[in-house]
Amino acid sequence: MNDVYYPDLSPLRTGLAGACPRCGRGKLFDGYLTLAGKCQSCGLSYAFADGGDGAAWFVMLFVCFAGAGSILGVEAAYSPPYWVHALIAVPVLVILPMLLLRPVKGVLINQQWKTGAREGRLRK
């Protein structure tokens, strides 16, 4: 039998890097948010992964809080015209989610593998 040792890797570190949760070397994603079928390095199948809406929910929660906070903060401090708010809000509310979505999805999938989390099933 071929017993290969895989170190205990941090889901945070491997998820942010978009790396395999088992070996940390292979790619987790094929595209921007599309999962690869399996790790090219260790052969781990990513069939267990259920990305769902968790990453989108966490990113949306954070970005809406940061976006509303930045808009209200600028308004309270400077009372600028509306076009200044547009210059601040559009990048925060459009670009920030695009930057955060992939790393957050990677962390959640790697944490799912680490904890062995699976979809809930009813007993029959």
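Heavy atoms only: backbone and side chains are in, while hydrogens, waters and symmetry mates are out. Counting begins at 1 with the first residue of the sequence.
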Checklist entry - With a 4.5 Å limit on heavy-atom distance, are the side chains of Cys23 and Leu44 in contact? => result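 Cys23 vs Leu44: side chains apart.
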
Checklist entry - Side chains of Leu100 and Pro97: does their closest heavy-atom pair fall under 4.5 Å? => result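 Counting from C-beta outward, Leu100 and Pro97 never come under 4.5 Å.
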
Cluster link [X] to [Y], ILVMFWY, side chain under 4.5 Å:
X     : Y      : result
Leu12 : Leu108 : no
Leu99 : Leu28  : no
Leu9  : Val4   : no
Leu33 : Val94  : yes
Ile95 : Leu61  : no

To the nearest 0.5 Å, what is the distance between [atom1] on [X] and [atom2] on [Y]?
X     : Y      : atom1 : atom2 : value
Leu35 : Ile109 : CG    : CD1   : 4.0 Å
Asp50 : Arg118 : CG    : CZ    : 10.5 Å
Phe29 : Tyr46  : CZ    : OH    : 9.5 Å
Lys27 : Cys20  : NZ    : SG    : 13.5 Å
Lys38 : Ser45  : NZ    : OG    : 8.5 Å
Cys64 : Leu93  : SG    : CG    : 6.5 Å

Item to check | Within 6.0 Å of OH in Tyr6, more than 12 heavy atoms from elsewhere | outcome: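 More than 12 heavy atoms, drawn from other residues, nucleotides or ligands, come within 6.0 Å of this atom.
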
Checklist entry - Within a radius of less than 6.0 Å around OH of Tyr78, do more than 12 heavy atoms belonging to other residues, nucleotides or ligands occur? => result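 No, the 6.0 Å shell around OH holds no more than 12 heavy atoms from other groups.
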
Which heavy atom in [X] sits nearest to a heavy atom in [Y], and how many Å separate them?
X     : Y      : answer
Arg25 : Ser41  : NE-OG, 3.1 Å
Thr14 : Gly24  : CG2-CA, 4.2 Å
Pro11 : Gln111 : CG-OE1, 3.2 Å

Checklist entry - When you measure from the side chain of Ser70 to the backbone N and O of Ala66, does any donor-acceptor pair fall under 3.5 Å? => result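 Indeed, once roles are kept as given, a pair shorter than 3.5 Å links the two residues.
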
Checklist entry - When you measure from the side chain of Arg22 to the backbone N and O of Asp8, does any donor-acceptor pair fall under 3.5 Å? => result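 Not a single qualifying donor-acceptor pair exists.
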
Next on the checklist: Angle between ring planes, His85 versus Tyr82, binned at 30° and 60°: parallel, tilted or perpendicular?
Outcome noted: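 Rings of His85 and Tyr82: tilted, as their planes differ by 30° to 60°.
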
